[in-house]
There are 2 protein chains.
Amino acid sequence: MTPAAPADAAIADAARPLRADAARNREALLTAAEEEFAARGLDASIADIARRAGVAKGTVFRHFATKEALATAIAARHAEELTALARRLRAAPDPEAALLEFLTEAAGRLQRRRVAVLMTVPAPGSELARLQRQVHDEVVLLVDKARDAGAVRPDITGTDVFLLMCAPVHTVDYLADPPPELWRRYVGVLFDGLRPGSAHPLPHPAPSWP
Amino acid sequence: MTPAAPADAAIADAARPLRADAARNREALLTAAEEEFAARGLDASIADIARRAGVAKGTVFRHFATKEALATAIAARHAEELTALARRLRAAPDPEAALLEFLTEAAGRLQRRRVAVLMTVPAPGSELARLQRQVHDEVVLLVDKARDAGAVRPDITGTDVFLLMCAPVHTVDYLADPPPELWRRYVGVLFDGLRPGSAHPLPHPAPSWP
DNA sequence: TCATAAAATGACCGGTCGGTCATGTTGATG
DNA sequence: CATCAACATGACCGACCGGTCATTTTATGA
């Protein structure tokens, strides 16, 4: 039939391998975009991203159909990393330490790369939505294990933790020049809030996902 | 000398009272801008705000020298409300209940009006910076009282609480269609994290303000 | 009622940005 | 080396946006 339509390079999944220079540029664009988004938020301009990557503006749109697609690609990469991290930690012997390490490592990534902005609500049914769900489900398992071990209060769900994940990072954002490790302090506060013990009943039922 | 320079209306503090229509428009602009910022973030356009307020674009700039000044005016209004709230609660008999009510009421406002975006780091020395400091100082007093009463762990400062204030609201933002009262749940988690009892030592010294 | 300063208006400007496309360049393949 | 599809380029387009200003409207107070 159709001889493998060239289609859009942006939609070229793993169809045909990229040319060497194209692969290089794609990678350069991803890291440049990540840095630019981190520095200036979603308003970073395509032109600046292209300049930082050392390519022309048109090249950006050869690799990513739209600016949103570029942001999504970055978010997807981080979602995959978080899924892998959670899966790895799920095999750890101490469930409490595992959950704490997950929260710490996740917040640390989000802080360093400043990608919390990109983790907005994705279009339903989109690829990013699927990847977010993967992270979510993995966090649920992690939290379930921790709860079984008595490290997490019984009325806290995995979805709660998933939503609370970015809180320590956002907290620090209200400071003009935050100490680079201050977020760890608020991971501590959060973790203590998740613990059983002095916990008071929570005033609202847990949310569902999505 | 200069016969009371007409100057810019934007800088007209309480110099001379506004004309009736001007006062009306100013108020309409503030509420329209608040709604528009809430719906579309800082990127809401002046044209849309003007349309919603039922005035022409030029009128916006008669009242507020710049778009940023408009956003600042809204943020300032909320800062003043929060200061008043904290001051009032400081006189309450039960310091623990007072702090909880402050966190609840503050988060509720931020959630309803979606003004957390406007509470960004202000220019040093600016009016908004002064108002933020007022809120901060008032929160410190509230937290000190609560700590003295044993309702807050000893290693938590007022600055911590000030920074954590918006966390429950941000947490809910990662949900596509959050239950309108879900933020209360995360106020609960936060408050339990602030309590003494099962608290573990925090991994980073408290920040200073600013 | 009238004079006047205050206020409102909306066309306009310079600039930016996301995205397109005709053209030129280059890496793979035989 | 020759060929060609894949890729890169950057001028260009239309839309939008914040802000200005000459002109017109209007509230106010005498």
Side-chain angles (χ1 to χ4, degrees), chain A residues 2-30 32-33 36-37 39-74 118, chain B residues 2-30 32-33 36-37 39-74 118:
Chain A
T2 53
D8 230 357
I11 318 183
D13 294 343
R16 209 164 43 263
L18 287 175
R19 232 168 66 174
D21 53 346
R24 258 201 320 272
N25 284 341
R26 187 171 211 280
E27 210 51 40
L29 273 174
L30 279 173
E36 209 68 25
F37 281 141
R40 297 178 35 194
L42 255 324
D43 296 336
S45 80
I46 294 284
D48 285 347
I49 293 172
R51 194 173 311 125
R52 186 186 282 250
V55 301
K57 213 170 60 164
T59 303
V60 180
F61 292 100
R62 164 164 294 271
H63 288 276
F64 305 96
T66 181
K67 183 180 175 176
E68 194 197 333
L70 174 54
T72 291
I74 296 174
L118 307 180
Chain B
T2 53
D8 229 357
I11 318 182
D13 293 344
R16 207 164 43 264
L18 287 176
R19 234 170 63 175
D21 53 347
R24 258 200 322 270
N25 284 341
R26 187 170 211 280
E27 211 50 41
L29 273 173
L30 279 173
E36 208 69 24
F37 281 141
R40 297 179 36 195
L42 255 322
D43 295 336
S45 80
I46 294 283
D48 285 347
I49 292 172
R51 195 173 312 124
R52 188 187 280 251
V55 302
K57 214 171 59 166
T59 303
V60 180
F61 292 100
R62 165 164 293 271
H63 289 277
F64 305 96
T66 179
K67 181 181 176 176
E68 194 197 333
L70 175 53
T72 291
I74 296 174
L118 308 180

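Convention: sequence-line order gives letters A, B, ...; per-chain numbering from 1. In this text, all values refer to a predicted model and were calculated from it rather than measured experimentally.
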Next item on the list: Go along nucleotides 17-30 of chain D 5' to 3' and tag each nucleotide: B for a protein heavy atom under 4.0 Å from its base, S when only backbone or sugar atoms are that close, - otherwise.
Entry: SBBB-----BSS--
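Legend: residues meeting side-chain hydrogen bond (donor to acceptor under 3.5 Å, both in side chains) with B:Glu27, ordered by chain and number and at least two apart, are B:Arg77. Residues passing the side chain to side chain contact (heavy atoms under 4.5 Å, CB included) test with A:Arg24 are A:Asp21, sequence neighbours excluded. Remark: B:Ala50 pairs with B:Val55, B:Val60 by the side chain to side chain contact (heavy atoms under 4.5 Å, CB included) rule, at least two apart or across chains. In this structure, the salt bridge (Lys or Arg N to Asp or Glu O under 4.0 Å) partners of B:Arg51, at least two apart in sequence or on a different chain, are B:Asp48. With sequence neighbours excluded, the residues that form a side chain to side chain contact (heavy atoms under 4.5 Å, CB included) with B:Ala22 are B:Leu18, B:Arg19, B:His63.
For D:dC7, the OP1/OP2 oxygens have no side-chain nitrogen or oxygen of A:Asn25 closer than 4.0 Å. Under 4.0 angstrom from either OP1 or OP2 of D:dA8 there lies at least one side-chain N or O belonging to A:His63.
Within the 4.5 Å cutoff, the side chain of B:Leu118 has heavy atoms near those of the B:Leu42 side chain.
Within the nucleic acid shown, A:Val55 comes within 4.0 Å of sugar-phosphate atoms alone, with no base atom in reach, counting heavy atoms only.
In this entry the distance linking CZ of A:Arg62 with P of C:dT26 reads 15 Å, nearest Å. The CG-C1' distance, from A:Leu70 to C:dC17, rounds to 15 Å in whole Å.
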